[in-house]
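Basis for what follows: all heavy atoms, side chains included, without hydrogens, waters or symmetry-related copies.
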Amino acid sequence: RALVPNGGKDNGRFRTATLVNWHLLPEVELTPGGFAKMQAAPWPEGIDTMVRFKDALSCDFREAQGLHFYSDDYQFERIWTKPEVYLELLEQFAFVVEPDFSMYLDFPEPLQKWNHYRNQLLGAWWQARGLNVIPSASWADKASFAWTFEGLPEHSTVAISTVGCVKGRELYSYFMDGVRELFRQKQPTGLLVYGKLTPDIEKACQDAGIQYKNFPHTMMGARFLTKQYAGKLAQADKNRRNCAQD
């Protein structure tokens with residue numbers, strides 16, 4: 001049967017398929033494993049702050065900041081349930097980091113793969129719609145390395161988050177194993193690190209010749225980051241006036 005007869009208006013199968021965003025698939029390319037392929041992203045020159053998706057509407061200077069999804073999944077589940085609704089908002093930011101639906105170690109593998117599928121599909125679809133999307137890498141244990149980077153581009157700027165991953169020795173060991181495997185499989189050209197930038201990450205980047213930038217984790221939200229960026233603009237303007245006077 002055709003998926004969308006009569007425009008899909010009265011097709012129960014189509015309405016069911018929208019629950020898993022089947023209708024986005026014609027705009028993306030899939031890997032042999034069924035994950036959407038993302039395109040390489042450039043280095044975000046001059047962008048020093050990122051805001052959480054939950055703060056997107058209250059954020060000023062959107063065109064000069066990035067947007068991330070490194071927070072609890074329930075805070076951005078709506079981008080999956082209604083992806084078209086948020087395109088206009090997302091495209092106002094300098095870049096958008098690929099979603100980060102969680103792949104916790106205690107999740108069963110099918111659930112981990114489902115969240116990776118969702119991350120890749122939305123990220124690739126946003127790129128197809130013209131957004132500047134930074135691929136985001138996440139993983140569970142070593143068993144996930146066989147599929148968790150599938151669909152990520154090679155030789156690209158990639159984002160990762162250390163939030164919640166550096167608290168214990170065992171968890172941090174899993175995390176650094178993933179960083180090294182990401183570098184091995186995808187050879188990124190740049191790394192955006194949201195959260196704590198550890199000496200191990202710095203050394204791994206330096207050893208691989210990868211440029212990196214740290215975006216500290218903050219719970220202060222969009223107003224703090226907007227104020228911070230406004231101060232940066234004011235200082236830059238002051239410096240330009242001083243140079244002109246000299």
Next item on the list: Could you tell me whether D55 and R52 make a salt bridge, using a distance below 4.0 angstrom between a side-chain N and a carboxylate O?
Entry: yes

Check: Taking the six-membered ring for Trp, are the ring centroids of F69 and F101 within less than 6.0 Å of each other?
Finding: no

Checklist line | Residues Y172, D200; criterion side chain to side chain contact (heavy atoms under 4.5 Å, CB included); working and verdict | finding: CA-CA 10 Å; Y172 183 57; D200 291 325; 2.7 Å; yes

Next item on the list: Using a strict cut-off of less than 4.0 Å between a Lys/Arg side-chain nitrogen and an Asp/Glu carboxylate oxygen, indicate whether E45 and K213 qualify as a salt bridge.
Entry: no

Note to self: If hydrophobic clusters are built from ILVMFWY residues whose side chains come within less than 4.5 Å, do I47 and V158 share one?
What the structure shows: no

Next item on the list: Report the C-alpha distance between E84 and R129 in whole Å, list the side-chain angles of each, state the deciding distance to 0.1 Å, and finish with yes or no for salt bridge (Lys or Arg N to Asp or Glu O under 4.0 Å).
Entry: CA-CA 10 Å; E84 293 88 355; R129 289 301 180 99; 6.0 Å; no

Item checked: Minimum heavy-atom distance W139-S144, with the two atoms named -> CB-OG, 3.8 Å

Notebook entry, point to check: Are L182 and W43 linked, directly or through other ILVMFWY residues, by side chains that come within less than 4.5 angstrom of each other?
Noted result: no

Notebook entry, point to check: Which heavy atom in C59 sits nearest to a heavy atom in V51, and how many Å separate them?
Noted result: SG-CG1, 3.9 Å

Next item on the list: Could you tell me whether Y70 and Y194 have their ring centroids closer than 6.0 angstrom?
Entry: yes

Margin query: Looking at T148 and S138, would you say the former's side chain and the latter's main chain have a donor-acceptor pair under 3.5 Å?
Written below: yes

Checklist line | Salt bridge flag under 4.0 Å for residues K142 and E181 | finding: no

Item checked: More than 12 heavy atoms of other groups within 6.0 Å of K196 NZ -> no

Next item on the list: Fit a plane to each ring of Y117 and W114, take the angle between them on a 0 to 90° scale, and name the class: parallel (under 30°), tilted (30 to 60°) or perpendicular (over 60°).
Entry: parallel

Notebook entry, point to check: Where do V133 and Q127 come nearest, in terms of heavy atoms and distance?
Noted result: O-NE2, 3.4 Å

Item checked: E150 versus G33, closest heavy-atom pair with distance -> OE2-N, 3.0 Å

Check: Measuring from D72:CG to K54:NZ, what's the distance to the nearest 0.5 Å?
Finding: 9.0 Å

Check: About how many Å separate CD1 of I160 and CG of D100, when rounded to the nearest 0.5 Å?
Finding: 11.0 Å

Note to self: In this structure, is the centre-to-centre distance between the rings of Y86 and W125 below 6.0 Å?
What the structure shows: no

Check: Which heavy atom of I134 sits nearest a heavy atom of L192, and at what distance?
Finding: CG2-CD1, 4.1 Å

